[in-house]
A.B. asks: 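Below you will find the structure I want to go over with you.
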There are 2 protein chains.
Amino acid sequence: MNNFKFQNPTRLIFGKGMIAELSKAIPAGKRIMITFGGGSVKKNGVYDQVIKALEGREYVEFWGIEPNPSIETLRKAIALGKEKNVDFLLAVGGGSVLDGTKLISAGLLYDGDAWDLVKRGAAKDTIPMGAVLTLPATGSEMNNGAVISRHETKEKYPFYSNYPVFSILDPETTFTLPAHQIACGLADTFVHVMEQYMTTTGQSRLMDRWAESILSTVVEIAPKIKANQQDYNVMADFMLSATMALNGFIAMGVTQDWATHMIGHELTALHGLTHGATLAIVFPGTLRTLRQQKQDKILQYGERVWGITEGLVDERVDQAIQKTEEFFRSLGLSTRLGEENIGDETIKEIERRFNAANVAYGDAGNVTGAVAKQILENCK
Amino acid sequence: MNNFKFQNPTRLIFGKGMIAELSKAIPAGKRIMITFGGGSVKKNGVYDQVIKALEGREYVEFWGIEPNPSIETLRKAIALGKEKNVDFLLAVGGGSVLDGTKLISAGLLYDGDAWDLVKRGAAKDTIPMGAVLTLPATGSEMNNGAVISRHETKEKYPFYSNYPVFSILDPETTFTLPAHQIACGLADTFVHVMEQYMTTTGQSRLMDRWAESILSTVVEIAPKIKANQQDYNVMADFMLSATMALNGFIAMGVTQDWATHMIGHELTALHGLTHGATLAIVFPGTLRTLRQQKQDKILQYGERVWGITEGLVDERVDQAIQKTEEFFRSLGLSTRLGEENIGDETIKEIERRFNAANVAYGDAGNVTGAVAKQILENCK
């Protein structure tokens with residue numbers, strides 16, 4: 001096991017009716033800015049619950065943080081927050097609203113253009129934020145990461161700043177999510193785990209098993225969600241799994257990968273694909289490309305998550321990769337670039353970007369532009 | 001899944017050589033009191049590492065916090081801390097030293113006798129404490145619980161106050177632990193998980209699997225530790241498992257039991273048995289007594305942890321309970337009261353105490369004095 005430091009200060013407030021806890025969770029006397037995405041929270045009752053909980057409090061609303069939150073939008077939120085002298089942020093929505101709000105919370109204490117902060121990759125000074133999560137997927141509700149896009153240049157970068165001081169997760173808020181959002185959320189959860197698990201064997205028995213626990217849970221609940229998206233316990237399992245997939249709990253003392261994510265971010269930046277949808281395409285390609293390097297872990301994964309114990313090594317690896325792709329397809333997601341009309345030009349552009357930035361991702365540090373190209377070729 | 005709130009602020013600093021991080025982990029300018037148990041940390045090099053890390057800092061040492069820390073000893077520590085105007089505590093040792101230090105950290109801000117705090121069961125005002133853990137077992141390094149004894153009256157009660165602000169866990173500090181301590185630590189870890197798991201099925205797929213992950217890991221590493229207690233990765237797995245077994249991570253949204261612990265505490269109070277050793281005796285008796293009520297969960301546990309899939313329901317339950325007792329025996333622990341010369345008078349006294357306190361423990365709230373007696377009869 002590698003040495004590590006772990007701390008996660010976010011308070012999780014989980015369950016039916018818990019949005020009402022907002023009144024206690026936000027300290028008295030704060031000048032709050034509530035950040036929202038589009039209007040879905042007005043249709044599903046979340047907005048009403050939030051406003052009711054904040055009765056008598058001082059707040060301003062900022063609407064319109066879009067999927068893959070853009071610096072262009074966030075600049076406006078920061079300007080409004082500065083104007084209103086805001087000192088507490090409440091993000092209400094999915095991972096994009098939460099991610100965007102993390103940049104706002106740093107931008108409010110920064111004099112220059114907030115894009116500087118994104119380019120630096122991190123910010124330490126932030127004003128506190130809380131969250132009401134409505135879409136299980138990104139894990140942003142219990143980590144300090146965000147991904148921010150810049151539309152004019154089609155760029156998309158990770159950014160690290162503050163953990164939400166609290167996050168409220170009520171599974172009932174997911175009952176009316178569009179099926180595609182659910183599918184992307186499940187894929188996102190699955191691949192978040194994989195980025196911390198699909199490396200080498202023997203680093204930590206417990207972290208391996210905790211990762212496999214989330215994978216098995218997601219595999220088990222996916223068809224149940226399809227059958228009945230209003231089954232509270234199943235949606236609660238989904239919501240908890242998504243949060244636990246990216247809050248550091250399964251990352252203690254083990255190496256991480258993230259090559260699939262870095263390639264996926266480019267597909268979103270270039271084609272606007274939903275994040276989870278890009279992962280369902282890229283991850284099987286990553287496995288096909290790095291099957292030798294990751295062989296032992298693929299075998300362990302195949303056995304423990306899919307029950308694959310028969311056959312030669314190569315056959316078992318094949319089966320594990322096939323099961324993975326089939327799982328994503330069972331969610332209703334594309335798993336090949338062609339299905340999304342993405343061709344060789346995109347592959348070439350991503351290779352170019354990786355080479356220009358001189359990066360080498362993955363747990364072995366070998367996913368260069370050339371390997372990213374191979375991976376994408378294996379997603380055709 | 002039940003509604004829940006979760007937060008765990010402790011910073012975990014884990015790995016080889018990490019005691020050196022103390023110099024950064026304790027804020028500058030603090031007047032520190034370091035608390036110790038007996039002298040083992042002087043033999044295994046931990047004391048030297050701590051003192052080296054704190055070179056140039058202002059500190060006083062308090063020695064002699066015993067296993068099952070007593071109010072009698074802790075009063076002395078509180079007096080010394082008040083005299084020296086201490087404002088930071090560093091506990092160096094096993095769970096008893098950490099537990100005792102939690103009471104000290106509350107007692108330093110309390111004018112009366114600290115036993116009042118224990119009787120109240122909790123304290124809010126505390127001075128910050130950090131820890132260097134040397135014995136994986138109690139989980140005290142990452143929770144806010146403690147258990148405090150009073151020798152003169154043979155009483156032992158749980159007490160809740162502060163989380164350590166940080167805990168340093170270096171698996172190398174466990175290389176020279178006595179075999180009995182290791183065995184008790186493994187049993188303690190195992191039963192901590194059981195108290196949060198062996199209730200009813202279907203509350204949370206993920207929490208069930210995370211609990212089973214710790215159980216399976218403990219079962220897997222126990223013989224490896226016996227074979228080579230200086231295998232770093234195995235001891236790291238042990239240390240991480242013990243911490244994760246009682247830091248709230250596997251308790252989200254599920255009911256808990258703790259009847260075995262409450263009975264075990266009485267055995268320690270009356271006979272001085274090590275905590276983990278009491279659990280190895282009581283827990284199989286709890287299963288034998290409540291096998292009907294816990295049947296579905298025993299079956300799930302038997303299948304997922306021990307691979308028991310054959311036979312009639314009753315036979316599978318029998319096997320699961322037998323496997324559990326055999327596991328404790330494989331650690332070298334007693335699993336029957338007679339082996340520790342504990343007879344009917346103790347059973348009668350525990351029944352009397354439970355009745356006098358009018359308690360009913362367990363996840364179903366039915367472990368009264370009469371049921372505790374049955375459980376202990378089933379430990380004969």
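What you are looking at is a predicted structure, and each value in this text was computed from that prediction instead of being measured. What's counted below: heavy atoms across the whole structure, side chains too, no hydrogens, waters or symmetry copies. Here is the naming used below: chain letters follow the sequence lines, and residue numbers restart at 1 for every chain.
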A.B. asks: One thing to verify: whether B/Glu21 and A/Lys5 come together as a salt bridge, which I'm taking to mean a side-chain N less than 4.0 angstrom from a carboxylate O.
C.D. replies: yes
A.B. asks: Name the member of A/Lys16, A/Arg11, A/Met244 that forms the most heavy-atom pairs with chain B at distances under 4.5 Å.
C.D. replies: A/Arg11
A.B. asks: Report which part of B/Leu215 has an atom under 4.5 Å of a heavy atom belonging to chain A: side chain, backbone, both, or neither.
C.D. replies: neither
A.B. asks: Report yes if the side chains of A/Phe4 and B/Ile13 come closer than 4.5 Å at any heavy-atom pair, otherwise no.
C.D. replies: no
A.B. asks: Does NZ belonging to A/Lys323 count more than 12 external heavy atoms closer than 6.0 Å?
C.D. replies: no
A.B. asks: Rounded to the nearest 0.5 Å, how far does CD1 of B/Ile221 lie from CZ of A/Arg205?
C.D. replies: 7.0 Å
A.B. asks: Could you check if a side-chain atom of A/Asn233 sits within less than 4.5 angstrom of a side-chain atom of B/Gln203, using non-hydrogen atoms only?
C.D. replies: no
A.B. asks: At a heavy-atom separation under 4.5 Å, does B/Ile168 approach chain A through its side chain, its backbone, both, or neither?
C.D. replies: neither
A.B. asks: Between A/Glu212 and chain B, with a heavy-atom cut-off of 4.5 Å, which part of the residue counts as in contact: side chain, backbone, both or neither?
C.D. replies: neither
A.B. asks: Counting only heavy atoms not in A/Asp125, do more than 12 sit closer than 6.0 Å to its CG atom?
C.D. replies: no
A.B. asks: Between B/Asn8 and chain A, which part of the residue has a heavy atom less than 4.5 Å away: side chain, backbone, both or neither?
C.D. replies: backbone
A.B. asks: Determine whether A/Ser213 and B/Ser213 make a side-chain contact, defined as any pair of heavy atoms from C-beta on separated by less than 4.5 Å.
C.D. replies: yes
A.B. asks: With a 4.5 angstrom heavy-atom cut-off, could you sort out which part of A/Met1 is near chain B: side chain, backbone, both or neither?
C.D. replies: both
A.B. asks: If you apply the rule side chain to side chain donor-acceptor pair (under 3.5 Å), what do you find for B/Thr217 with A/Arg209, and how did you get there?
C.D. replies: CA-CA 8 Å; B/Thr217 297; A/Arg209 287 196 171 96; 2.9 Å; yes
A.B. asks: Taking B/Phe14, B/Trp210, B/Phe6 one by one, which has the highest count of heavy-atom pairs under 4.5 Å against chain A?
C.D. replies: B/Trp210
A.B. asks: Would you mind reporting whether B/Leu240 and A/Met207 have side-chain heavy atoms less than 4.5 Å apart?
C.D. replies: yes
A.B. asks: Would you indicate whether B/Lys224, at its atom NZ, is surrounded by more than 12 heavy atoms from other residues, nucleotides or ligands within a distance under 6.0 Å?
C.D. replies: no
A.B. asks: Any non-hydrogen side-chain atom of B/Ile214 less than 4.5 Å from a side-chain atom of A/Leu206?
C.D. replies: yes
A.B. asks: Checking A/Tyr232 against chain B: side chain, backbone, both or neither under 4.5 Å from a heavy atom?
C.D. replies: side chain
A.B. asks: Counting C-beta onward and ignoring hydrogens, is there a side-chain heavy-atom pair between B/Gln7 and A/Thr10 closer than 4.5 Å?
C.D. replies: no
